[in-house]
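Taking it in order: structure first as C-alpha cells, then the write-up.
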Amino acid sequence: MSEEIVALQRQVTGLSRLHQLQKKLRESQSVAQIGFLMVNDTQQLVAYRQAVWWQPGKGVSHASGLVDVEKNSPYIRWWNKVCAQLSTDQIAPVDKSMLSADLAQQWDEFLPAHALAMPVLLAGGDDKRGLLVLARDLPWQDHEIGLLSELADIYRFALRGQRRLPRKQISTLRKRFLPAVLISAVVLSFIPIRITVLAPAEVVAKDPLPVRAPYEGVVEELHVRPNQSVKPGDLLMSLDGTDLENRLLIARQALQIANTEFRQVAQQAVFDEKGKLELAIRRGMVEKSVSEVKYLQSLLQRTEVRATAPGIVVLSDATSWIGRPVALGEQVMTLADPALAELRVELPVRDAIPLEIGSDVRFFMNISPDQPLDARLNWLAYKATENDQGQLSYSGRAHFDGEKTLPRIGLRGTARLYGDRAPVIYYLLRRPLAALRQWVGF
C-alpha cells in the first residue's frame, strides 16, 4: 500500500511541476527563451547533469548552464556531430554504441554514462524535428520517459505558438526604429571592450618527474596504470634482463680465466724476469674483467625501475609499452604531483592577439562547462609549432588563480584568453580584415 501512495505522490508532484513549466512556456516571448527553458527547467521534472537543444540546420543553440553557446568550441562541435547521428522519431535512451567510432571514443570525456534523446517537432513541418538530449550518471526509468513524452508535445505546441509578425507590421516597425537602431549601432561600435579569443586547453602536470629507461633494452612489464598513485620505492616497470644475465655469465667466466692465467704468470715471474713483465699485463686484464662484471651487475640491478618521489602516474597506454624496445634515457612515463597542476593552452595562429604575462584566462572544462575556473597566463611561445591535430598554434601555460581544489590532470576543455581593450567594431571585423589582408597581399 505504501508503494502505491509513493507512486501516487510522485505522479501528483510531476503533474504539478509540469503545469508550472507549461505556464512559463506560455509566458515566453521568443523561441530563444523557450530553448533556454528546455535545457534548464526540464530539470524540475527529471534529474540530469547536462542538456543540449539541437535543431537541424542550426546546430546546438542552447546548453544547460550556459548563457551563450560558443559554436566553435570542441564541446559544441562534438555535440553537433552526435545529434546529427542520433536523429530519431521517438524518445529513447542512447549510448556510445549508436555513434561512429571517432565520436564514441570521446563520449566519456564529454558526457556521463546515460543519455536520453527526446525529439521535438518544429514549426517548419511534420518531418522537421529538433533534438533535446539529456545526460546523467543513472539509468533512465520508464515513468520518467513517459513524463518526458508528454513534455515533448508541450514543447512542440510552445515552439509552434511563436508566430511571426505580419509583413505590414514589420514594415512599420522597420521605418520607425531603423534610424535609431543604426545610430545606436554606430555609437556602440566605438565602445571599448576586452578582446577575447578561444583556444583548446588541457590540465597538465607542473614540473613532472620523468621516468626514463636506465639502459637500452626491452620493456618486459609495467607494474602501474595511468592515474595510479605511487610512493617512493614502488615498482614502476621491469626491463628484460635475459641479455644482461648472459653477458654477466660470460664476463664471470672471462674473469675466472683471467685469474687463472694471472696466477700462472705470477708463479713463473718468481724465476723468470720475462714473466714479471707479462704479470702487469695479466693484472690489467683481471682488473678489466672485474670492472665489466661490476658494470653488468649494476645494470642488472636497474632492470627494476622504482619511483623516487610520490605522485600519480601520467601514462597514455600501458599495454603499448610491453615488449617495446627502448633507448637509453627514453621517457616511458612521468610522475606528477596532483597539487601542482597547470593549464596548457594551444592558441591557433589565426586567433592570435597580443597577450601579456598575467593576462586573465577562464577555463571551461568539457565535463562541467557551467563551472569555469580562473587562471592567469604564465607564458606564451613566441613561435608557432604544429600541435597533435596538425595545426599551427602558440603553446602556453597558465596557473590556476586561487583554486583550492585543482582539476584532475588530463581534463580537456576550452580556454578564453583576455587581451587589451579595443572598440567593438575592431572586435567584430578583426578576423574578416585579417582574411582580406591575406587575400589582397598587403
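This chain uses plain numbering: 1 for the first residue, then up along the sequence. What you are looking at is a predicted structure, and each value in this text was computed from that prediction instead of being measured.
- Minimum heavy-atom separation, Leu148 to Thr42: CD2-CG2, 4.0 Å.
- In this structure, Asp137 and Arg49 have side chains that are in contact, with non-hydrogen atoms separated by less than 4.5 Å.
- Here the closest heavy-atom approach between residue Ala63 and residue Val69 is recorded as N-CG2, 3.8 Å.
- Here the CG-CG distance, from Asn366 to Asp108, works out to 12.5 Å after rounding to the nearest 0.5 Å.
- Between Arg397 and Arg344, some side-chain heavy-atom pair lies under the 4.5 Å cut-off.
- In this structure, Asn246 CG and Leu296 CG are separated by 11.0 Å, a value rounded to the nearest 0.5 Å.
- Asn40 contributes a side-chain N or O that, together with a main-chain N or O of Phe36, makes up a donor-acceptor pair within less than 3.5 Å.
- Closest of all the heavy-atom pairs between Pro56 and Gly130 is CD-CA, 4.2 Å.
- For the atom pair CG (Leu392) and CG (Leu347), the distance works out to 12.0 Å, reported to the nearest 0.5 Å.
- The minimum heavy-atom distance between Trp107 and Trp78, with the atom names listed, is CA-CZ2, 3.9 Å.
- No more than 12 heavy atoms of other residues, nucleotides or ligands sit less than 6.0 Å from atom CG of Asp142.
- Taking the charged nitrogens against the carboxylate oxygens, Asp337 and Lys206 have no contact shorter than 4.0 Å, which rules out a salt bridge.
- Within the 4.5 Å cutoff, the side chain of Ile357 has no heavy atoms near those of the Asn378 side chain.
- At most 12 non-hydrogen atoms from other residues, nucleotides or ligands lie less than 6.0 angstrom from CZ of Arg77.
- A pairwise comparison of heavy atoms in Ser149 and Ile91 identifies OG-CG2, 3.3 Å as the closest pair.
- Judged by distance alone, with hydrogens and angles left aside, the side-chain atoms of His62 form a donor-acceptor pair with the main-chain N or O of Ala32 at under 3.5 Å.
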Apply side-chain contact (heavy atoms from CB on, under 4.5 Å) to the pair Leu116 and Val94, showing each step before the final yes or no.
CA-CA 6 Å; Leu116 187 73; Val94 295; over 6 Å; no

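- No donor-acceptor pair under 3.5 Å is formed between the side chain of Ser368 and the backbone N or O of Met365.
- Within the 4.5 Å cutoff, side-chain heavy atoms of Leu111 are placed close to those of Trp79.
- The shortest non-hydrogen separation linking Asp41 to Tyr48 is N-OH, 4.3 Å.
- Rounding to the nearest 0.5 Å gives a distance of 12.5 Å between CZ of Arg416 and CG of Asp374.
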Test side-chain contact (heavy atoms from CB on, under 4.5 Å) applied to Gln297 and Leu248, step by step
CA-CA 7 Å; Gln297 286 177 341; Leu248 180 59; 3.8 Å; yes

Would you sort out whether Ser61 and Trp53 count as a side-chain contact (heavy atoms from CB on, under 4.5 Å), showing the intermediate values?
CA-CA 6 Å; Ser61 59; Trp53 168 236; 3.3 Å; yes

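- Residue Glu216 places its CD atom among 12 or fewer non-hydrogen atoms of other residues, nucleotides or ligands, all under 6.0 Å distant.
- To the nearest 0.5 angstrom, Leu99 atom CG is 5.5 Å from Leu86 atom CG.
- Contact of the Leu131 side chain with the Val120 side chain is not registered, since no non-hydrogen atoms from C-beta on lie closer than 4.5 Å.
- The residues Asp420 and Arg194 are annotated as not salt-bridged, no charged nitrogen and carboxylate oxygen being separated by less than 4.0 angstrom.
- Panel note: side chain Gln50, backbone Leu134; no donor-acceptor pair is recorded below 3.5 Å.
- In this structure, a donor-acceptor pair under 3.5 Å is absent between the side chains of Glu70 and Thr414.
- Judged purely by atom type and a 3.5 angstrom limit, Ser393 has no side-chain atom pairing as donor or acceptor with the backbone of Glu346.
- Salt bridge Asp360/Arg376: present, at least one basic N to carboxylate O contact under 4.0 Å.
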Might you work through the side-chain contact (heavy atoms from CB on, under 4.5 Å) test for Phe364 and Leu373, ending with a clear yes or no?
CA-CA 7 Å; Phe364 299 86; Leu373 302 178; over 6 Å; no

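- The existence of a salt bridge linking Arg324 and Glu220 is excluded, since no basic side-chain nitrogen approaches an acidic carboxylate oxygen closer than 4.0 Å.
- Between Glu245 and Arg247 there is no salt bridge, since no side-chain nitrogen of the basic residue lies less than 4.0 Å from a carboxylate oxygen of the acidic one.
- Residues Leu121 and Tyr155 form no side-chain contact, since every pair of their non-hydrogen atoms from C-beta on lies 4.5 Å or further apart.
- With values rounded to the nearest 0.5 angstrom, Glu342 atom CD is found 9.5 Å from Ile409 atom CD1.
- In this structure a side-chain-to-backbone donor-acceptor pair under 3.5 Å is present from Arg136 to Ala47.
- Contact of the Leu151 side chain with the Leu45 side chain is registered, since non-hydrogen atoms from C-beta on lie closer than 4.5 Å.
- Residues Val314 and Pro208 have side chains not in contact (no heavy-atom distance under 4.5 Å, counting atoms from C-beta outward).
- Residue-environment remark: NZ (Lys71) exceeds the threshold of 12 foreign heavy atoms within 6.0 Å.
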Please step through salt bridge (Lys or Arg N to Asp or Glu O under 4.0 Å) for the pair Arg302 and Glu304, ending with a clear verdict.
CA-CA 5 Å; Arg302 283 186 283 174; Glu304 293 185 347; over 6 Å; no

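- No hydrogens or angles considered: nothing links the side chains of Tyr75 and Gln106 as a donor-acceptor pair under 3.5 Å.
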